[in-house]
Q: 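This is the structure I have questions about; it appears just below.
Every heavy atom of this structure was used, including side-chain atoms; hydrogens, water molecules and symmetry mates were not.
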4 protein chains.
Amino acid sequence: MKNAENKRDNMNEDKFEKIKGFSIDSKMTIESLARNMKYMGFQATQIGRSIEIIEKMKKDSTIFLTFTSNMVSSGLREIFAQLVKNKSVDVIITSVGSIEEDLIKCEKPFLLGDFNFNDSELREKEINRIGNIFVPNDRYIHLEKILQPFFAEMFERQKKTGKMISPSELVFELGKKCNDKNSILYWATKNKIPVFCPGITDGALGLQLYFFKQDNKEFGIDVTADMNQLADIIYDSKKTGGIILGGGIAKHHAIGANIVRGGFDYAVYVTTATQYDGSLSGARTNEGVSWGKIQKEINTVCIEGDATIIFPLLTPFLLK
Amino acid sequence: MKNAENKRDNMNEDKFEKIKGFSIDSKMTIESLARNMKYMGFQATQIGRSIEIIEKMKKDSTIFLTFTSNMVSSGLREIFAQLVKNKSVDVIITSVGSIEEDLIKCEKPFLLGDFNFNDSELREKEINRIGNIFVPNDRYIHLEKILQPFFAEMFERQKKTGKMISPSELVFELGKKCNDKNSILYWATKNKIPVFCPGITDGALGLQLYFFKQDNKEFGIDVTADMNQLADIIYDSKKTGGIILGGGIAKHHAIGANIVRGGFDYAVYVTTATQYDGSLSGARTNEGVSWGKIQKEINTVCIEGDATIIFPLLTPFLLK
Amino acid sequence: MKNAENKRDNMNEDKFEKIKGFSIDSKMTIESLARNMKYMGFQATQIGRSIEIIEKMKKDSTIFLTFTSNMVSSGLREIFAQLVKNKSVDVIITSVGSIEEDLIKCEKPFLLGDFNFNDSELREKEINRIGNIFVPNDRYIHLEKILQPFFAEMFERQKKTGKMISPSELVFELGKKCNDKNSILYWATKNKIPVFCPGITDGALGLQLYFFKQDNKEFGIDVTADMNQLADIIYDSKKTGGIILGGGIAKHHAIGANIVRGGFDYAVYVTTATQYDGSLSGARTNEGVSWGKIQKEINTVCIEGDATIIFPLLTPFLLK
Amino acid sequence: MKNAENKRDNMNEDKFEKIKGFSIDSKMTIESLARNMKYMGFQATQIGRSIEIIEKMKKDSTIFLTFTSNMVSSGLREIFAQLVKNKSVDVIITSVGSIEEDLIKCEKPFLLGDFNFNDSELREKEINRIGNIFVPNDRYIHLEKILQPFFAEMFERQKKTGKMISPSELVFELGKKCNDKNSILYWATKNKIPVFCPGITDGALGLQLYFFKQDNKEFGIDVTADMNQLADIIYDSKKTGGIILGGGIAKHHAIGANIVRGGFDYAVYVTTATQYDGSLSGARTNEGVSWGKIQKEINTVCIEGDATIIFPLLTPFLLK
């Protein structure tokens, strides 16, 4: 019976933190709010725990930030830019929409719309909808005006060097065209923070490439060229930490590449996706452990919710 | 063509707010954070919009707060108590688990556990799990010690008056047994804020009632008795506003009862439920308009996410 | 190293079933489809596993069926009625909306609408929306015509017996008023299958009760009266099995009451709710094990998805 | 008042279908089940409506099928292969994981596991988890043995032609290596059905490419090369129809490319993702209308649920 008693001892209440709320007022700081959330239970606890992981990550890790393009559609764009400006992250992996939208926003803002607006009416008025964000079509005409001469320039470079450009070089060069202190690319280029974009021909940039190639058939992008650089960064890191916002190819690329070193040492996931369909977007950090995409579950946390609310609560701890 | 031009004019960009992020630091206040969120897009925008609705609601409405019992399992309990102490809400509607857990927590805390703990092991150790919150079984033995003499007392009252007690009276009387400044019931009784609980025999309180009735067959609770009081409050209100956290019977009871006056004037929903299955828990405020549970969509907002993160961001504006 | 080798042996591939799809044609039967799903992976596997649990449950268990009222709004009503007619389930627990809507549908159908219809327009036309189901308001006028004389009848009974009616007796008596072979209540009363409804004063029935009590103040319903009958059924069962569709008070009441015998022996959950917010509606069967609401995880399964698609795939196995 | 009356007339009940369930038995066919679902309400109705859209699509459209790689992990792989064998779809767009897993499964099956297995234990045993599907690590060693000589062969081709291969050519050539009648690639190559894969360097194939390039630096893949072919197919189609399973780059690429012709004429989405975060994965067909990714909402439907359950119900109608 001794064994059973021991077991009971192991669940001794004193070993547990207690659930408790806290007194709230409007002058409370984000930092205080986020720290107090740890003892709330449910997802608030995940906020509190992620702060502790970020604090460890900051000490000795190469920090990878991944996000989906809808986050750049939102005001998270300026918050990401703040992190890149501050060199608070070391590597960015994202989908091509993020590149497009950061470029557009250097010149023209997106508009605050509504989830339930009539889409046929929007179509008539040439306004594109992303959730409750509206993007008038002239933004894409503006994008065309940036990209066509840019591709021509890159084609000249290809002819000169005899080498196709890689996606990350393309993004680096685009950053030189930005003149907006709120731009992610502006600061990424300035601070030499690499931006990887494994699905570079998707989206509007892909369409522009298609138009360009009508008259410039030889121009190309070698997607295989980035893999060496990404792998080198991962191999050379003492430790790696991932801030993985949303799912998709950005998430998969980051955790997949970290397999070469046995997985991320630290990871914070923020997601709205579900696990029950076996999708990579919804996979939690524990599933990553089975693959060697994550080293150990202990230094990871997954927060379920929309990044536009969650991420601002974590940002102060990444900036520090 | 004039008509088309006019239409185009109606979508004039100047009429829209612009999407923009903001500069973040750890000393930023909750109030500033929550206000800035409005221009972020997606759910952050819903936070910003809900603040504006709460500010209107505060001016001239009877405010109904509804929540599910898991929120009382969490640290939201102390935040709800703060609102009731401050008389920031006028009516509470909830499920019976909230009553039980507020009572238990007057004496013994819940523990911060883990979502992925082995449940068979917890069973052996007599620990109940609610998500990542652990509740040792002795809490329910403690509850039994409160409820059995309490029911006996109420039975005496029934014999004297010849009338069965209503659920809200039962909760009011239970509040007198609380001696914890962090208790919702303590303040509800003190401040005479009614707590309605239409499913009073569900849960552990229901089991305790069942045990009590083994020897006291004549004791009963008349659920129909509360409806007059609730309807009177609604009829007598100049305007009504709902803070509807989660779904279930608490949500339905609040919006259903407001049909008698054509619906809530203001409503803020916080939910994790989906619309696609036609469930009441997932129904949005616009569906409520068709029923006359909500007056007009314009003064309502639904925020999707876990209340343990969302509600602390709204609380300062309710407290004011 | 022997230990490690042994461990590896334990994961011997031969011990696992293989993932495999199957050849599909339009003449394939539901039974064949549902059985083949087991080897598909993800939620299709959960369908396959639930069939095996239902087959065990059928042998020696008292079967509890719980559902939310939106399911009775849908065509699942006729499928539930088929099960009750066939005596394929032994106990029903549901919310009051189910009672109302089954009654209404005995006379007048609900209409196939659209999720995205304009709700203000529906309001003008006095049509209530439940997801993509439309309910013209005259259905509730019809309900009033049934309930007011019925309550008068029940009040006479109360005066005669000196005892308030219980919710399950009230539903039983209502079943006598149904004359529709597609009605759940019709068959429940005919086959003496008890229908428990712990939140009986919620919803339209609650509003009608409120109106009735304006002139009949003494009429009441004693919710505590049902608990003895429910507990007796559970105590007297050799084994218990739960088909738990959706969440809410119906789910909680069924699993909570089964605590008195250490939990359900078998359980199939169908849900659209999430676990991350600690809600009872989203709680999986393993969480139930910690509480003694579920005996062991092994004989349980949770299928994630909308019951209108999932449940027809399980029905043939319950009917057998 | 005439106007109001007219409006009321427009909502005449006779214009609506009625909600009704149906009699179920185990011998009912999939076809009958799926057709009857239309009148059930909620997501069952979406199944019924999608059948009608598929039947229209079959008449005159180029049909695009997109899916995520977890679906190929599941038994949907064999169902997709059946459609490709039968030439029931004309174009496939997917993520690179689908290519890898179809290749692996030509030789070795995946295993039926469990969602809640301990992942650290799986790691020790070198088993990777995808939801409740297990993939022993030797599958990836097997993949390496296929890909390394294949890349060498393709590098020879590049040297000969002086042109980098496109992703779709690469997949076409890989199909020649398959000798499994249950393989998607086997039939795609045999029936010349193009498979587009815009994120070709993600995943295990990307890692293998990285290893290959260590000694073969000049080998590359030109992702821009596919865009002409894809655009030509879209321009040349009388109409286009999309069967869009899941989200991610596959979904975005299909609907984004269809912008060149004003959008898909017909679309059926199957998704588990949410709209509230503004993600492309969760975007519904109406959002696509604002972009010109979808022509009109009328010929589209979105079914919410796991494709392993949903898609087998639609397959008979695609096969016809």
Q: Heavy atoms only, distances under 4.5 angstrom: which of F22(B), Y39(B), F42(B) has the most pairs with chain A? Name it, please.
A: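 Ranked by heavy-atom pairs under 4.5 Å with chain A, first place is F42(B).
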Q: Kindly check if the number of other-residue, nucleotide or ligand heavy atoms within 6.0 Å of NZ (K87(B)) is above 12?
A: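 Open.
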Q: Less than 4.5 Å to any heavy atom of chain B: does that hold for the side chain of I310(A), its backbone, both, or neither?
A: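 Looking at I310(A), just its side chain touches chain B.
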Q: Given that the side chain runs from C-beta out, which part of D138(A) has a heavy atom under 4.5 Å from chain B: side chain, backbone, both or neither?
A: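 The side chain, not the backbone.
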Q: Drop me the distance from T315(A)'s OG1 to D25(B)'s CG, to the nearest 0.5 angstrom.
A: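 Answer rounded to 0.5 Å: 11.0 Å.
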Q: At a heavy-atom distance under 4.5 Å, which candidate from Q46(B), R49(B), E297(B), R139(B) has the highest pair count against chain A?
A: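 Sorted descending by pairs with chain A, the first entry is R139(B).
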Q: Is chain A contacted by the side chain of P312(B), its backbone, both, or neither, given a heavy-atom distance below 4.5 Å?
A: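 Both the backbone and the side chain of P312(B) come within 4.5 Å of chain A.
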Q: Side chain from CB out, backbone as N, CA, C, O: work out which of these in I130(B) comes under 4.5 Å of a heavy atom of chain A, or both, or neither.
A: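 Its backbone and side chain both get close to chain A.
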Q: May I ask you to name which of A307(B), A34(B), S32(B), S23(B) has the most heavy-atom pairs under 4.5 Å with chain A?
A: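 That would be S23(B).
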Q: When you compare the side chain of N182(B) with that of K20(A), does any pair of heavy atoms fall below 4.5 Å?
A: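 No - every pair of side-chain heavy atoms lies 4.5 Å or more apart.
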Q: Decide yes or no on side-chain contact (heavy atoms from CB on, under 4.5 Å) for K105(B) and I19(A), but give the supporting numbers first.
A: CA-CA 10 Å; K105(B) 285 184 163 184; I19(A) 293 290; 4.0 Å; yes
Q: Tell me whether K181(B) at atom NZ has more than 12 heavy atoms from other residues, nucleotides or ligands lying less than 6.0 Å away.
A: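 It does not: K181(B) NZ has 12 such atoms or fewer within range.
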Q: Rounded to the nearest 0.5 Å, what separation is found between the CD atom of E31(B) and the OG1 atom of T29(A)?
A: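 Rounded to the nearest 0.5 Å, the CD-OG1 separation comes to 13.5 Å.
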Q: Is the ring pair F16(A)/F134(B) parallel, tilted or perpendicular, if the boundaries are 30 and 60 degrees?
A: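 Judged by the thresholds at 30° and 60°, the geometry between F16(A) and F134(B) is perpendicular.
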Q: Relative to chain B, which segment of I309(A) carries a heavy atom at a distance below 4.5 Å: side chain, backbone, both, or neither?
A: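 Contact with chain B involves both backbone and side-chain atoms of I309(A).
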Q: Is a side-chain N or O of N132(B) found less than 3.5 angstrom from the main chain of G41(A), in a donor-acceptor match?
A: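 The answer is no, because no donor-acceptor pair under 3.5 Å joins these two groups.
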Q: For I47(A), is it the side chain, the backbone, both or neither that has a heavy atom under 4.5 Å from a heavy atom of chain B?
A: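 For I47(A), side-chain heavy atoms alone lie under 4.5 Å from chain B.
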Q: Find out whether T45(A) and T308(B) are in side-chain contact, i.e. whether some heavy atom of one side chain is under 4.5 Å from a heavy atom of the other.
A: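 Not in contact.
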Q: Would you say Q82(B)'s side chain and I24(A)'s backbone share a donor-acceptor pair under 3.5 angstrom?
A: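 Yes, because the side chain of Q82(B) sits within donor-acceptor range (under 3.5 Å) of the backbone of I24(A).
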Q: Which residues in residues 67-80 of chain B have any heavy atom closer than 4.5 Å to a heavy atom of chain A?
A: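 Residues N70(B), S73(B), S74(B), G75(B), L76(B), E78(B), I79(B) are the ones that qualify, each having a heavy atom under 4.5 Å from chain A.
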Q: Given that the side chain runs from C-beta out, which part of M28(A) has a heavy atom under 4.5 Å from chain B: side chain, backbone, both or neither?
A: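 Answer is both: backbone and side chain atoms of M28(A) are under 4.5 Å from chain B.
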Q: Does the side chain of K18(A) come within less than 4.5 Å of L111(B)'s, by heavy atoms?
A: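 In contact.
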Q: For atom NZ of K296(A), is the number of surrounding heavy atoms from other residues, nucleotides or ligands below 6.0 Å larger than 12?
A: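 Not more than 12 within 6.0 Å, no.
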Q: Between K125(A) and E13(B), is there a side-chain N and carboxylate O pair less than 4.0 Å apart?
A: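 A salt bridge is absent here (no side-chain N lies under 4.0 Å from a carboxylate O).
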Q: Counting heavy-atom pairs under 4.5 Å to chain A, which of I133(B), L313(B), L112(B) comes out on top?
A: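 Ranked by contacts with chain A, first place is L112(B).
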